[in-house]
A.B. asks: 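Following this message is one structure expressed as C-alpha cells.
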Amino acid sequence: MDDSGGFSSVAADFLENIADEYTNTPILLFSVRGPTPDINPESRKQAVSRDLHDAVSFSRLSPYCKLIVPTGLPRLSGSKASRFLNIVDEKPYHCSAVYAAALLSISLPFRMEPVGPTASSSYVSGAMDVNEVVQMLAGQARQNMVQILDVAMPAPSLSGKQNEMTLLENLLPLTPDVAENVEDLQAVEFMTVLGALSAEGHRASVSQVRDLVHAAFQHIDTRPVFFHLAVSLCPLPIPLTFPSIFSNLVGQQGELVGSPISESSSRGSLDVHSIPMAARLRSSSAVLPLLQSRLRNLHGLGIQRGAPGAQLLRSWGFEKDELEEMGEMLSKMVVALDSHQISSDSD
C-alpha cells in the first residue's frame, strides 16, 4: 500500500474497512514508499511536512494490522541493496519493479500448496499462511509488529562465496532507517529463496538450498532465536515489460559474473530472462532507529508547545489528544524493543 500522501487518509480508511469486514483475519501490511524527492535545504516547511507525514502515517496505519513492513529507501540507487542493479530513482517503474519483486518473493509461501508432515515436494518447501507468519514474527515474547524487509536481487550462487559475499550477507534492507550490525538475541526471521543456483551454475534442488542455508546459519556470529525457510525451485521470471535495471554483471539466468558482459551499463528482459531471488522478514531491534525517529518527529514537530508543524496538523483535522495517542503507541513500540535489547546485551 502506498502511504505517500495526505497523511495516509485514504490508506487508513481502506484498512479500517478491511479490518471491520474481516475481524478475525490478520493483516500483513507492506507500506511502500517511492524515492524521497530532493527538498530545498532552505525550505524548513517542506522538511517539517515530510517528517510529520512519515510519523503520522505510520501511526495511523499500524493499529489496523498485525504486522507492518515499511518498504522503500530514500535513494534506492545508492543503497547496498542495488549492488547488482542499475537504478535511476527518477525513472518511472525502476524502484517499483524492485519492491514488487521483493514482495512477490517474500509472499511466495502464502501461494504454495501445503504438503503433509510426511510428504515432500521436489519443487517447493516451507508453505505458510499469513496467520502462521504473524504468529511466528509477532507472537514471540517481545510482540514486535514492525518488520524489516531484506532482499538479495539477484541472489548469489550457493557455492559458499560469490563476489566475496554469501547468500545471507547479500540480504540487504529495503526498509529505511535500519541499524547495521545489531546483535539481537531475540531476532526471528522468515526467509524465502527462489531458483537458487549451484556453484556449477545449475538450478539447485530444494534440499540443497535448505541444507546450505541451514549450514550458513551455523557460521554467523549471532543467529536468530528462530527462523523459517521457504524454498522454490522456480526462479523469478522477468516479463518483457520489466524495466532495464540489471547491471552488466548479471547473466541471462540471473547468474552473477566477475566482469561486465556488455558495454551497456543496463540490461533488461531481453538479456535477463529470470533471476534467483532471496527475501527475508526480520523481527529485530535493528528497526529501533526508524521507530525512534518517528516518535521524535511526532513530539518535536507536532505535539510540543510551539511545535513548527502543529498548525499543519490542525489544518488536516488532527487534535492534540489524537496525536498524543499516536505518541503513546510509538513509545510502547520503542520501549518493547529497547527493553529486550538491554536484556539481550546483559545476557
A.B. asks: Looking only at heavy atoms, which two atoms of P276 and A196 are closest? And how far apart?
C.D. replies: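 Smallest heavy-atom distance, with atoms named: CB-CA, 4.0 Å.
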A.B. asks: Apply side-chain contact (heavy atoms from CB on, under 4.5 Å) to residues C95 and D89 and explain how you reach the verdict.
C.D. replies: CA-CA 6 Å; C95 296; D89 292 306; 3.5 Å; yes
A.B. asks: Report yes or no: do L197 and I238 belong to one cluster of Ile/Leu/Val/Met/Phe/Trp/Tyr joined by side chain heavy-atom distances under 4.5 Å?
C.D. replies: no
A.B. asks: For E90, does its backbone N or O pair with a side-chain atom of H94 as donor and acceptor, under 3.5 Å?
C.D. replies: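 Such a contact is absent between H94 side chain and E90 backbone.
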A.B. asks: Begin from the C-alpha positions of M145 and M333 and carry the test side-chain contact (heavy atoms from CB on, under 4.5 Å) through to its verdict.
C.D. replies: CA-CA 8 Å; M145 68 175 299; M333 291 181 179; 3.5 Å; yes
A.B. asks: Tell me whether the centres of the aromatic rings in F227 and H214 are closer together than 6.0 Å.
C.D. replies: yes
A.B. asks: Counting C-beta onward and ignoring hydrogens, is there a side-chain heavy-atom pair between M329 and S59 closer than 4.5 Å?
C.D. replies: yes
A.B. asks: For E319, I'd like to know if atom CD has over 12 heavy atoms of other residues, nucleotides or ligands within 6.0 Å.
C.D. replies: no
A.B. asks: With the side chain counted from C-beta on, respond yes when M277 and P154 share a heavy-atom pair under 4.5 Å apart, and no when they do not.
C.D. replies: no
A.B. asks: Quick check: does any side chain N or O of S274 sit under 3.5 Å from a backbone N or O of P235, one acting as donor and the other as acceptor?
C.D. replies: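 Absent.
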A.B. asks: Does a side chain donor of either N86 or S266 reach within less than 3.5 Å of an acceptor in the other side chain?
C.D. replies: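 Per modelled atom types, N86 and S266 side chains form a pair under 3.5 Å.
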A.B. asks: Identify the heavy atoms of A81 and P173 that sit nearest to each other, and give their distance.
C.D. replies: CB-O, 4.0 Å
A.B. asks: Any side-chain to backbone donor/acceptor pair from E328 onto M326? Under 3.5 Å, distance only.
C.D. replies: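 Checking the backbone N and O of M326 against the side chain of E328, no donor-acceptor pair under 3.5 Å is found.
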A.B. asks: Would the number of heavy atoms belonging to other residues, nucleotides or ligands and lying under 6.0 Å from CD of E113 be above 12?
C.D. replies: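 No, because the 6.0 Å sphere around CD of E113 holds 12 heavy atoms or fewer from other groups.
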A.B. asks: For E189, which of R282, R280, R223 qualifies under salt bridge (Lys or Arg N to Asp or Glu O under 4.0 Å)?
C.D. replies: R280
A.B. asks: Is any side-chain heavy atom of I18 closer than 4.5 Å to a side-chain heavy atom of Y64?
C.D. replies: no
A.B. asks: Under the 3.5 angstrom rule, does the side chain of R267 hit a backbone N or O of V250 as a donor-acceptor pair?
C.D. replies: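 Judged by distance alone, yes, a pair lies under 3.5 Å.
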A.B. asks: If you look at every heavy atom in D184 and S285, which pair is closest and at what distance?
C.D. replies: OD2-N, 2.8 Å
A.B. asks: Are L172 and V151 side-chain neighbours, meaning at least one heavy-atom pair lies under 4.5 Å?
C.D. replies: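 L172 does not reach V151 side chain to side chain.
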A.B. asks: Can you hop from V231 to F217 via hydrophobic side chains spaced under 4.5 Å?
C.D. replies: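 They do share one cluster, since a chain of ILVMFWY contacts under 4.5 Å joins V231 to F217.
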A.B. asks: So how far is it from L67 CG to M136 CE, rounded to the nearest 0.5 Å?
C.D. replies: 9.0 Å
A.B. asks: Salt bridge or not between R294 and D177? Use side-chain N to carboxylate O under 4.0 Å.
C.D. replies: yes
A.B. asks: Run the numbers on Q208 and L158 for side-chain contact (heavy atoms from CB on, under 4.5 Å), then give the verdict.
C.D. replies: CA-CA 9 Å; Q208 282 179 313; L158 298 177; 5.6 Å; no
A.B. asks: Enter the distance from H53:NE2 to L312:CG here, rounded to the nearest 0.5 Å.
C.D. replies: 10.5 Å
A.B. asks: Would you call the rings of F190 and F110 parallel, tilted or perpendicular if under 30° counts as parallel and over 60° as perpendicular?
C.D. replies: parallel
A.B. asks: To the nearest 0.5 Å, tell me how far L298 CG sits from S293 OG.
C.D. replies: 11.0 Å
A.B. asks: Under a plain distance cut-off of 3.5 Å, with no hydrogens placed, do E169 and T166 share a side-chain donor-acceptor pair?
C.D. replies: yes
A.B. asks: Distance check, rounded to the nearest 0.5 Å: N297 atom CG versus L52 atom CG?
C.D. replies: 7.0 Å
A.B. asks: Side chains of R75 and S79 only: does a donor on one sit below 3.5 Å from an acceptor on the other?
C.D. replies: no
A.B. asks: Which heavy atom of L236 sits nearest to which heavy atom of A101, and what is that distance?
C.D. replies: CD2-CB, 3.7 Å
A.B. asks: Could you pull out the closest heavy-atom pair between L167 and A155, with the gap in Å?
C.D. replies: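 Smallest heavy-atom distance, with atoms named: CD1-CB, 3.8 Å.
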A.B. asks: I'd like to know whether S49 forms a side chain to side chain donor-acceptor pair (under 3.5 Å) with Q46, so could you lay out the CA-CA distance, the side-chain angles of the two residues, the decisive distance to 0.1 Å, and finally the verdict.
C.D. replies: CA-CA 5 Å; S49 176; Q46 281 184 306; over 6 Å; no
A.B. asks: Okay, side chain of S8, backbone of A12: is any donor-acceptor separation there less than 3.5 Å?
C.D. replies: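 Such a contact is absent between S8 side chain and A12 backbone.
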A.B. asks: I need the Q292 CD to L330 CG distance, nearest 0.5 Å.
C.D. replies: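 Between Q292 CD and L330 CG, I get 11.0 Å after rounding to 0.5 Å.
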A.B. asks: Should F30 and Y93 be counted in the same cluster of Ile, Leu, Val, Met, Phe, Trp and Tyr side chains packed under 4.5 Å apart?
C.D. replies: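 Different hydrophobic clusters.
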A.B. asks: Looking at T175 and I148, would you say the former's side chain and the latter's main chain have a donor-acceptor pair under 3.5 Å?
C.D. replies: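 Judged by distance alone, no pair lies under 3.5 Å.
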A.B. asks: Donor-acceptor check, side chain of S107 to backbone of L104, threshold 3.5 angstrom: yes or no?
C.D. replies: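 It does hold such a pair.
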A.B. asks: Quick check: closest heavy atoms across I275 and M153, and the distance to 0.1 Å?
C.D. replies: CD1-CG, 3.8 Å
A.B. asks: Side chains of S265 and N248: do they bring a donor and an acceptor to under 3.5 Å?
C.D. replies: no
A.B. asks: Is it the case that R210 and S125 place a side-chain donor and acceptor less than 3.5 Å from each other?
C.D. replies: yes
A.B. asks: Would you say the side chain of V334 lies within less than 4.5 Å of the side chain of L295, judging by non-hydrogen atoms?
C.D. replies: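 Sidechains of V334 and L295: in contact.
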A.B. asks: Check each of V88, L85, V98, I245 against L76 using the side-chain contact (heavy atoms from CB on, under 4.5 Å) test, and report the only one that passes.
C.D. replies: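 With L76 as partner, side-chain contact (heavy atoms from CB on, under 4.5 Å) holds for just one option, V98.
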A.B. asks: State, with a plain yes or no, whether a side-chain heavy atom of Q147 is found less than 4.5 Å away from one of V69.
C.D. replies: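 With C-beta onward as the side chain, the pair touches.
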A.B. asks: As an exercise, state the distance from CG of L270 to CG of L240, rounded to the nearest 0.5 Å.
C.D. replies: 6.5 Å
A.B. asks: List the steps, then state whether ring pair (Phe, Tyr, Trp, His ring centres under 6.0 Å) holds for F7 with F318.
C.D. replies: CA-CA 10 Å; F7 293 100; F318 294 105; 5.7 Å; yes
A.B. asks: Indicate yes or no: at least one non-hydrogen side-chain atom of V257 is less than 4.5 angstrom from one of I261.
C.D. replies: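 Yes, close enough: below the 4.5 Å cut-off.
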A.B. asks: Indicate yes or no for a side-chain donor-acceptor contact from E263 to the backbone of P260 under 3.5 Å, with no hydrogens or angles considered.
C.D. replies: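 Here the side-chain-to-backbone pair does not exist.
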A.B. asks: Could you please spell out the steps behind the side-chain contact (heavy atoms from CB on, under 4.5 Å) verdict for V56 and E322?
C.D. replies: CA-CA 10 Å; V56 172; E322 185 179 1; over 6 Å; no
A.B. asks: With the side chain counted from C-beta on, respond yes when T25 and I27 share a heavy-atom pair under 4.5 Å apart, and no when they do not.
C.D. replies: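 In short, these two side chains do not touch, never coming nearer than 4.5 Å.
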